[in-house]
Amino acid sequence: MSFSLWLSLLTACLVISFTPGAGAINTMSNALASGWRRSIWGIVGQVVALIVHIVIVAAGVGVFVAKSPALFAGIRYAGAAYLIYLGVRMAVTKPKQADTGGVVVVPHVTNRAMLLRGLWVNLLNPKAIVFFLAFIPQFVRLDQPQLPQYAILAATAVAVDVLVMWFFFAAAAKPFGRFASTARGQRVLNTVFGALFVVVAGVLLFMH
């Protein structure tokens with residue numbers, strides 16, 4: 001892969017990563033609930049899903065998914081249902097207030113739980129496969145060895161996604177930390193992020 005082509009790939013990955021979506025919402029939610037450092041586990045899950053999508057497209061399975069209306073619809077509905085489930089569960093979650101000091105106790109979420117949630121949020125999105133089907137061919141030259149090109153593409157996409165998610169979206173949640181430490185703040189933020197998950201689910205269902 002030439003340097004100029006890689007720069008084009010880097011620019012495209014930056015634009016994609018900065019575009020708000022379910023991954024960004026999930027990252028900010030994790031950062032607010034568990035802190036900036038621990039939010040990396042949700043990002044790791046999202047990145048694993050990203051790599052799976054790239055492998056699916058590279059293996060040619062993506063074409064099968066894109067050309068199978070029933071399979072595509074099944075994955076799309078499953079993804080939307082999972083986002084709605086996350087949104088509703090978040091919206092109805094009530095902060096538990098301690099008996100003394102008025103400090104809000106946020107239920108502990110394990111690293112594994114954050115990783116799995118990030119994985120499923122990104123994995124159950126068939127439109128990501130279709131997107132990569134249109135995206136990847138622009139940066140892969142068929143007259144050159146395929147594996148090194150896919151390795152560079154995956155490494156670039158992963159590095160950009162981790163940096164943008166952790167140092168932009170997760171960091172963007174920091175100013176809301178004090179607000180999130182109150183019962184009222186927790187209720188407002190849970191409702192807002194829950195609603196955002198549902199909105200993204202609606203977009204997944206109704207935009208073709």
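Atom set for the values below is all heavy atoms of this structure, side chains included, hydrogens, waters and symmetry mates excluded.
- In this structure, the separation between CD on Gln149 and CH2 on Trp6 is 15.5 Å, given to the nearest 0.5 Å.
- The shortest heavy-atom contact between Ala172 and Pro175 is O-CD, 3.2 Å.
- To the nearest 0.5 Å, atom CD1 of residue Ile54 and atom CD1 of residue Ile136 are 5.5 Å apart.
- Shown are Leu163, Val162, Val164, Val158; of these, the side-chain contact (heavy atoms from CB on, under 4.5 Å) with Val160 is made only by Val164.
- Here the closest non-hydrogen pair linking Gln146 and Arg141 is NE2-O, 3.1 Å.
- Between atom CG of residue Leu10 and atom CD1 of residue Ile152 there is a gap of 12.5 Å, rounded to the nearest 0.5 Å.
- No continuous path of hydrophobic side-chain contacts links Leu50 to Leu147 [ILVMFWY only; heavy atoms under 4.5 Å].
- Linking Ile, Leu, Val, Met, Phe, Trp and Tyr whenever their side-chain heavy atoms come within less than 4.5 Å leaves Val188 and Val88 in two separate clusters.
- For the pair Ser29 (side chain) and Ile25 (backbone), a donor-acceptor distance under 3.5 Å is absent.
- In this structure the side chain of Leu196 reaches within 4.5 angstrom of the side chain of Val192, judged on heavy atoms.
- Looking at Arg38 and Asn30, their side chains never bring a donor and an acceptor atom within 3.5 Å of each other.
- Across all non-hydrogen atoms, the minimal contact from Cys13 to Ala157 is SG-CA, 3.9 Å.
- In the hydrophobic cluster analysis, where Ile, Leu, Val, Met, Phe, Trp and Tyr join through side-chain heavy atoms closer than 4.5 angstrom, Leu119 is grouped apart from Ile84.
- Taking hydrophobic clusters as Ile, Leu, Val, Met, Phe, Trp and Tyr residues chained together by side-chain heavy-atom distances below 4.5 Å, Leu153 shares a cluster with Leu14.
- Here OG1 of Thr27 is found 4.0 Å from CD of Gln46. Values are rounded to the nearest 0.5 Å.
- Tyr85 has its ring centre no less than 6.0 Å from the ring centre of Trp120.
- Nearest heavy atoms, Ala171 versus Trp36: N-CD1, 3.8 Å.
- When every heavy atom of Met28 is checked against every heavy atom of Phe169, the shortest pair comes out as CG-O, 3.2 Å.
- Between the CG atom of Leu83 and the CG atom of Asn26 there is a distance of 9.0 Å, given to the nearest 0.5 Å.
- Hydrophobic cluster membership differs between Val15 and Phe132, with clusters built from Ile, Leu, Val, Met, Phe, Trp and Tyr side chains linked at under 4.5 angstrom.
- In this structure, the separation between OG on Ser39 and CE on Met114 is 7.5 Å, given to the nearest 0.5 Å.
- Taking every heavy atom of both residues into account, Ala49 and Asn122 meet most closely at CB-CB, 3.4 Å.
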*Stepwise side-chain contact (heavy atoms from CB on, under 4.5 Å) check, Gln144 with Ser2*: CA-CA 11 Å; Gln144 298 176 14; Ser2 66; over 6 Å; no
